[in-house]
J.: 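The structure's right below; bear with me while I get my questions together.
Start at 1 and go down the list; that is how both ligands and their atoms are numbered. Only a predicted model underlies this, so the values are computations on that prediction, with no experimental measurement involved.
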Amino acid sequence: MRDLSARLKDCAVNTATLGFQATIEEVIDAVARAGFGGIAPWRREVEGKDIGAIARQIRAAGLGVPGYCRSTYIPAADKAAFEQNIEANRRAITDAAELGARSFVMVVGGLPAGSKDIAGARAQVAEGTALLLDHGKAHGVRIALEPLHPVYAADRSCLSLLSEALAMCEAIEGTVNEPWLGVCIDVYHVWWDPGLRQAIARAGAARRILGFHVCDWLVPTEDVLNDRGMMGDGVIDVPKIRRDVEAAGYEGFVEVEIFSAGNWWKRPIAETLSVCRERFATAT
Ligand code: ZN
């Protein structure tokens, strides 16, 4: 396993961790100044701006972009709305290419309003992902399905298990040597899964691990969306999961992604980055 205390260049900061307190331009500078090797921006920080200029600033700062966050939810109540969702994602994938992102992160969505048909939602996700995979290939951007904790199945992601995401990858793309479709493994969402080790090994063997997100699960959790913890502050054995992910062949960025309205988002950016740097070394 890599020694992250000596390899901060292998560590990336998902900008959500800093609470969107500053402009993306300021955040790029802060992340680079703190010595990290990568940055994962969100569409809300980038869309409507000069994306070419942001991409140039990221490159000039010496940062890589592990992923671009994140997809518009796919499942919709009717065909027209489904097409709109796909089109919004195509535009975002084009932007991801311009940013030099290694992958486009897909949080796939849950049930359309008024629906109780989770199987139908999953079928829409599979259909939409296949369409977006074609667009990603055409633009040189890999598509990373991020399964979310089942607590979000209704409203954010009907894709919950890593094994389920892998099965979807294989059903859509088949067995290939250089996959364009893969998974993003976020410890917050998958740490509890008794089949996690096996699924990580399978994902690695298929070369489908496209991203690895770290944070921690606090006990008690005040809010399952915006009360994530810093690595080391909760109950996830983050180093153990990272060991499995790297043993499976993953060599990409380890990305910190913390949604924390009550704590980290209230702190100065430099302080949060400093604690991230320390916890990459001691608790990741
Ligand atoms: Zn994540």
J.: For the pair Glu257 and Arg228, find out whether any cationic side-chain nitrogen is under 4.0 Å from an anionic carboxylate oxygen.
T.: yes
J.: Side chains of Phe280 and Asp10: does their closest heavy-atom pair fall under 4.5 Å?
T.: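 Side chain of Phe280 against side chain of Asp10, heavy atoms only: no contact under 4.5 Å found.
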J.: Does either side chain, that of Trp42 or that of Asn14, offer a donor lying less than 3.5 Å from an acceptor on the other one?
T.: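 A donor-acceptor contact under 3.5 Å links the two side chains.
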J.: Listing residue and atom name, which protein N/O/S atoms are closer to the Zn ion (ligand 1) than 2.8 Å?
T.: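 Atoms qualifying: Glu146 OE2, Asp186 OD2, His213 ND1, Glu257 OE1.
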J.: Parallel, tilted or perpendicular, judged at 30° and 60°: which one describes the rings of Tyr68 and Phe104?
T.: tilted
J.: Show me, pair by pair, the donor-acceptor contacts under 3.5 angstrom made by side chains of residues 124-135, not counting sequence neighbours?
T.:
from	atom 1	to	atom 2	distance (Å)
Gln124	OE1	Ala76	N	2.8
Gln124	NE2	Ala76	O	3.0
Glu127	OE2	Lys79	NZ	3.1
Thr129	OG1	Val125	O	2.7
His135	NE2	Arg90	O	3.0
His135	NE2	Thr94	OG1	3.0

J.: Checking the side chain of Ser115 only, and the main-chain atoms of Leu111 only, is there a donor and an acceptor separated by less than 3.5 Å?
T.: no
